[in-house]
Amino acid sequence: MDDHDQRFKALLHEFLPEFVALFFPNWYPRFDFSGTEWLEQESFLDPPQGDNRVLDLVARVRTREPIPDPFYRPADSSLVLINIEIESPERSTDIRGRMVWHYEALRHRYGLPVFPVCLFLRVGLDGLGWDAYEERLWDRTLLKFEYPYIGLPALDGLAYLGGDNPLGLALSALMKLPAADRAGIKAEGLAKIARSQENDAKRALLAECFDNYLELDDASQAQFEQLAAANNPETATMFNSIEARAIRRIIPKLVAEKFGPLPPYVAGQLSVLPPNQLEEIALKLIRAESLAALGLGEPPPAPVVPTGPAASGE
């Protein structure tokens with residue numbers, strides 16, 4: 001699983017109602033998200049190669065009215081599966097077949113209606129629309145499967161940045177934004193997240209997404225940091241927190257990539273080091289030939305516990 005998948009799985013776990021309200025406002029009132037159940041690690045064999053595929057996000061959600069299902073006739077007709085597939089490559093063709101295969105697999109396994117959604121991070125298409133997978137035999141269409149998609153790069157980022165949906169604000173970083181004043185847009189967005197009514201954990205998820213995807217060149221980055229420090233102290237605090245979390249996530253990966261899987265003691269050392277010491281390790285990593293050269297090493301030997309008469313003072 002790449003960083004995109006991990007980031008969006010965490011984000012949508014917390015903001016599924018906001019996701020549906022944002023992109024499917026007409027369907028949003030039909031769902032009752034209070035008892036949402038996440039079905040983790042749903043996997044199927046993808047044809048034609050038979051590769052094992054773990055679905056990105058599958059949630060079992062209650063609907064406010066029963067859904068007729070003449071084929072499976074489930075005992076509880078007020079349940080539906082929401083399957084969100086997150087696509088980060090810069091193409092849309094590969095996903096069509098997978099969407100129908102995943103739909104069929106979920107239908108057969110659970111006997112429930114499935115609401116499939118494809119979320120494109122790098123492909124815009126028409127922004128919000130419906131795509132289709134078709135199978136034909138000569139001049140006849142044997143199968144046509146339709147599903148909604150969201151192409152973030154084609155959406156108007158300023159409209160979502162100025163809205164009242166916190167997830168829309170975070171995702172606006174992947175949408176169309178003016179090339180000018182990106183530093184100001186970033187400072188404004190992070191300040192708005194910092195002032196939101198979400199709890200600390202949710203604000204951190206939103207800010208991490210917005211900060212990661214709204215990329216700045218060196219000059220704009222310097223301007224952003226000045227704006228954040230001078231005009232938005234809450235933004236500066238949040239930015240520093242995001243930067244520290246990014247350092248803490250990346251440095252252990254770099255060390256493990258050079259020296260192989262990290263012993264538990266070394267992983268523990270890295271998890272508690274302050275960001276400035278982790279930065280020092282990153283600078284030494286290019287020339288370091290061992291973990292010891294980075295100041296990381298084996299745990300000290302356990303103390304010898306005396307036994308016998310000497311231990312009891314006899």
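- Closest approach of Pro113 to Ile67, counting heavy atoms only: CG-CG2, 3.9 Å.
- Nearest heavy-atom pair, Ala59 versus Thr36, reported as atom, atom and distance to 0.1 Å: CB-CG2, 3.9 Å.
- No more than 12 heavy atoms of other residues, nucleotides or ligands shown are found within 6.0 angstrom of CG on Asp218.
- Of all the heavy atoms in Ala288 and Ala293, the pair that sits closest is CB-CB, 4.0 Å.
- Under the 4.5 Å side-chain criterion, counting only non-hydrogen atoms from C-beta, Asp76 is in contact with Arg62.
- Across every non-hydrogen atom of Lys186 and Leu216, the tightest pair is CD-CD1, 3.6 Å.
- Here the straight-line distance linking atom CG of Asp200 with atom CG of Leu205 works out to 11.5 Å at 0.5 Å rounding.
- Here the CZ-CG distance, from Arg60 to Leu79, works out to 7.0 Å after rounding to the nearest 0.5 Å.
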Verify side chain to side chain contact (heavy atoms under 4.5 Å, CB included) between Leu158 and Leu177, making sure each step is shown before the conclusion.
CA-CA 6 Å; Leu158 290 181; Leu177 290 170; 4.1 Å; yes

Let me see the working for Arg98 and Glu85 under side chain to side chain contact (heavy atoms under 4.5 Å, CB included), right down to the final yes or no.
CA-CA 9 Å; Arg98 296 207 309 271; Glu85 291 299 306; 5.5 Å; no

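- Salt bridge Lys202/Glu18: absent, no basic N to carboxylate O contact under 4.0 Å.
- Put simply, the side chain of Phe259 does not reach to within 4.5 Å of the side chain of Val266, judged on heavy atoms.
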Residue pair Val255, Leu291: steps toward the side chain to side chain contact (heavy atoms under 4.5 Å, CB included) verdict
CA-CA 8 Å; Val255 176; Leu291 290 172; 3.7 Å; yes

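- Classification of the Phe23-Tyr160 ring pair by plane angle, with boundaries at 30° and 60°, yields tilted.
- Arg64 contributes atom CZ, which lies 12.5 Å from atom CZ of Arg30 (distance to the nearest 0.5 angstrom).
- Atoms CD and CG, from Glu188 and Leu161 in turn, are 5.0 Å apart once rounded to the nearest 0.5 Å.
- The aromatic rings of His13 and Trp38 sit parallel, their planes meeting at an angle under 30°, below the 60° perpendicular limit.
- Across every non-hydrogen atom of Leu167 and Leu22, the tightest pair is C-CD2, 4.3 Å.
- The heavy-atom pair separating Pro166 from Glu198 by the smallest distance is CG-OE2, 3.5 Å.
- The closest side-chain heavy-atom distance from Phe8 to Leu171 is below 4.5 Å.
- Interatomic distance, CG of Leu125 versus CD1 of Ile150, reported as 11.5 Å (0.5 Å rounding).
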Would you sort out whether Asp56 and Ile84 count as a side chain to side chain contact (heavy atoms under 4.5 Å, CB included), showing the intermediate values?
CA-CA 6 Å; Asp56 289 335; Ile84 303 173; over 6 Å; no

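- Taking the charged nitrogens against the carboxylate oxygens, Asp217 and Arg182 have no contact shorter than 4.0 Å, which rules out a salt bridge.
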Evaluate the criterion ring-ring contact (aromatic ring centres under 6.0 Å, His included) for residue pair Phe145 and Tyr103; output intermediate values, then yes/no.
CA-CA 9 Å; Phe145 171 78; Tyr103 176 89; 5.0 Å; yes

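- One distance of note links CG of Asp211 with CD of Glu208; it measures 7.5 Å at 0.5 Å rounding.
- Checking each of Leu106, Leu57, Leu55, Leu81 against Leu39 for a side-chain contact (heavy atoms from CB on, under 4.5 Å) leaves exactly one that passes, namely Leu81.
- Contact check for Ile82 versus Phe33: side-chain heavy atoms found under the 4.5 Å cut-off.
- Side-chain N/O atoms of Tyr213 and Arg7 include a donor and acceptor closer than 3.5 Å.
- Connection of Phe71 to Phe115 is not established within any shared hydrophobic cluster, with ILVMFWY side chains joined at heavy-atom distances below 4.5 Å, either directly or through further cluster members.
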